[in-house]
Amino acid sequence: MKRIYLDYNSSTPLDERVIEAMNQYLKKFGNPSNLHSFGREMREGIEVARKKVANFLNCQPEEIFFTSGGTEANNWAVKGLAFKRLSEGKKGHLITTAIEHASVLNAAQFLERLGFAVTYLMPDGKGWISPEKVEESLREDTFLVSIMHSNNEIGTLQPIGEIAQILREREIFFHTDAVASAGKIELNVKELGVDGLTISAHKLHGPKGVGALYLRKGTEIENLIHGGHHELGLRSGTENALGIVGFGKACEISQEEMAKVVPKIRDLRDYLEEEIEKRIPDILFNGHREKRLCNTSSVSFGYIEGEALLMNLDLEGVAVSSGSACSAGEVSHVLKAISLPPEFLNSTVRFSLGRENTKEEIDYTLSVLERVVKRLREISPLRREEKWKR
Ligand code: PMP
């Protein structure tokens with residue numbers, strides 16, 4: 001059976017060139033902290049990768065801190081800033097949004113339990129957060145704002161640059177989770193004007209279990225992981241050298257090829273949406289129509305369960321998500337926050353495309369989708385109730 005992968009926002013396949021770069025380090029084993037040649041060759045791999053990640057984000061290598069992934073980097077940004085205040089005997093207020101990834105939302109909720117005040121901004125119906133809303137929510141004691149660069153479920157891009165301007169004047173630390181954006185849109189921390197930014201390797205054809213937090217030089221942040229001197233003494237633990245080498249290569253490739261790859265992915269995604277609209281009635285597209293990622297399409301199919309659709313598509317070889325990979329099985333907090341009508345809340349699937357997808361794959365997906373949706377609607381009690389009412 002054909003297998004078609006349309007879930008690139010969950011994870012991406014390793015690029016062959018990344019595998020090759022990692023292969024060169026697979027048999028090296030020195031501890032990068034050692035001064036001998038075994039250690040030095042590992043250190044070299046890590047530092048070359050750090051430069052590549054820094055280039056990718058347009059910052060200095062010393063502003064890149066490697067972590068175990070996006071989840072850790074988000075936790076560190078949010079808690080690290082708050083713990084710094086705690087260590088100075090202060091608490092305070094932070095602002096985030098109701099549509100963040102769980103690693104930001106749950107970290108913020110944890111800080112609430114420690115006595116911090118948190119504002120969770122609600123987006124509009126398209127998942128967009130207005131800079132005015134951010135400005136209105138600021139307090140005298142606001143020390144941190146964390147707003148995602150783009151949403152992984154519906155693809156909406158946030159006005160990060162505008163929000164940064166508002167916060168810069170007030171010297172409030174601004175962190176953005178750019179995990180979903182990396183590789184799909186340019187991320188230039190200087191142009192964006194952010195103080196902290198998270199990315200994760202496995203979303204851009206790199207390995208799992210490695211990510212990075214950009215921290216503007218001079219940031220005062222508490223450690224999340226205490227220990228030795230690694231990562232300028234801020235994130236301890238012997239580095240995941242192999243993963244870091246792969247991450248660096250993935251960033252380099254993405255930087256070189258993004259301009260070529262993005263239009264191709266966007267065309268395919270737009271074709272998928274146009275055809276869905278033509279062939280299948282009673283659907284809704286979620287998220288902003290223009291300000292959005294090139295690869296993401298969140299679609300609600302009236303009268304059917306998203307999970308049933310997902311599983312039926314999977315049986316025919318097509319892999320999609322019903323929400324984000326991290327919250328499979330639960331009603332999406334993002335779809336709730338954009339006030340999707342209740343009858344559509346459980347009827348949504350996310351198609352997220354990548355550079356390996358072809359038009360043939362999309363055509364195959366469309367034909368399966370059309371057939372499966374029709375069949376599920378025929379047996380849908382919701383559909384029968386609706387007909388009954390008419
Ligand atoms: N933020 C967003 C927007 C994500 O989509 C993800 C991954 N699902 C993460 C953070 C967490 O990244 P990681 O998988 O590297 O922990």
Side-chain angles (χ1 to χ4, degrees), residues 5-14 18 53 56-57 64-80 96-109 120 123 127-129 146-158 160 175-185 187 194 196-214 224-225 235 240 243-244 246-248 250-251 254 286-287 292-298 319-330 332-335 337-338 350-354:
Y5 188 72
L6 298 177
D7 200 13
Y8 280 78
N9 285 11
S10 288
S11 200
T12 58
L14 275 179
V18 170
V53 178
F56 182 62
L57 298 178
I64 294 296
F65 295 84
F66 290 116
T67 65
S68 66
T71 297
E72 185 190 321
N74 281 344
N75 264 270
W76 185 20
V78 174
K79 291 186 205 160
T96 186
T97 80
I99 57 169
E100 297 299 308
H101 185 259
S103 52
V104 168
L105 278 179
N106 289 335
Q109 279 163 20
Y120 300 92
W128 195 73
I129 306 284
S146 181
I147 295 179
M148 67 200 324
H149 189 272
S150 66
N151 184 271
N152 49 310
E153 290 189 37
I154 56 174
T156 301
L157 284 158
Q158 302 302 343
I160 298 301
H175 166 256
T176 187
D177 171 0
V179 168
S181 295
K184 297 164 201 144
I185 186 164
L187 292 173
V194 293
L197 181 143
T198 295
I199 54 174
S200 173
H202 76 101
K203 308 280 181 168
L204 66 155
H205 303 275
K208 290 171 182 58
V210 57
L213 181 62
Y214 154 77
L224 189 64
I225 298 177
R235 196 282 182 183
N240 170 9
I244 289 170
F247 188 16
C251 287
S254 180
N286 306 307
R292 62 170 171 159
L293 294 175
C294 61
N295 77 323
T296 308
S297 179
S298 167
V320 299
S321 263
S322 59
S324 71
C326 322
S327 59
E330 290 166 27
S332 151
H333 66 291
V334 177
L335 298 178
I338 60 170
R350 176 189 72 188
F351 302 87
S352 52
L353 280 58

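Counting convention: from 1, in listed order, for ligands and their atoms alike.
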Discussion item. Using a 3.5 Å distance criterion without hydrogens, assess whether the side chain of Thr296 forms a donor-acceptor pair with backbone atoms of Gly155.
Written reply: no
Item to complete: Keeping the roles fixed (side chain from His149, backbone from Thr198), state whether a donor-acceptor pair exists under 3.5 Å.
Response: no
Worksheet item: Of the backbone atoms (N, CA, C, O) and the side-chain heavy atoms from C-beta on, which set of Lys203 has a member under 4.0 Å from an atom of ligand 1: side chain, backbone, both, or neither?
Response: side chain
Item to complete: Would you give the length of the straight line joining atom CG of Leu224 to atom OG1 of Thr67, rounded to the nearest 0.5 angstrom?
Response: 9.5 Å
Discussion item. For Glu72, which part has a heavy atom under 4.0 Å from ligand 1: side chain, backbone, both, or neither?
Written reply: neither
Practice prompt. Provide the number and element of each atom of ligand 1 under 4.0 Å from a heavy atom of Gly69.
Written response: 15 (O)
Discussion item. Looking at non-hydrogen atoms alone, which of Asp177, Asn74, Thr71 comes nearest to atom 2 (C) of ligand 1?
Written reply: Asp177
Practice prompt. Quick one: sort the Trp76 and Phe65 rings into parallel, tilted or perpendicular, breaks at 30° and 60°.
Written response: perpendicular
Worksheet item: Just distances here: any N/O of Gly70 and N/O of ligand 1 closer than 3.5 Å?
Response: yes
Discussion item. One pair to check against side-chain hydrogen bond (donor to acceptor under 3.5 Å, both in side chains): Asn9 and Asn152. What are the steps and the verdict?
Written reply: CA-CA 6 Å; Asn9 285 11; Asn152 49 310; over 6 Å; no
Worksheet item: Judged by atom type as modelled, is there a donor-acceptor pair below 3.5 Å linking the side chain of Gln158 to the main-chain atoms of Gly127?
Response: yes
Discussion item. Using a 4.0 Å cutoff against the non-hydrogen atoms of His202, which atoms of ligand 1 qualify?
Written reply: 13 (P), 14 (O), 15 (O)
Item to complete: Number the atoms of ligand 1 from 1 as they appear, then name those within less than 4.0 Å of a heavy atom of Ser200, with their elements.
Response: 13 (P), 15 (O)
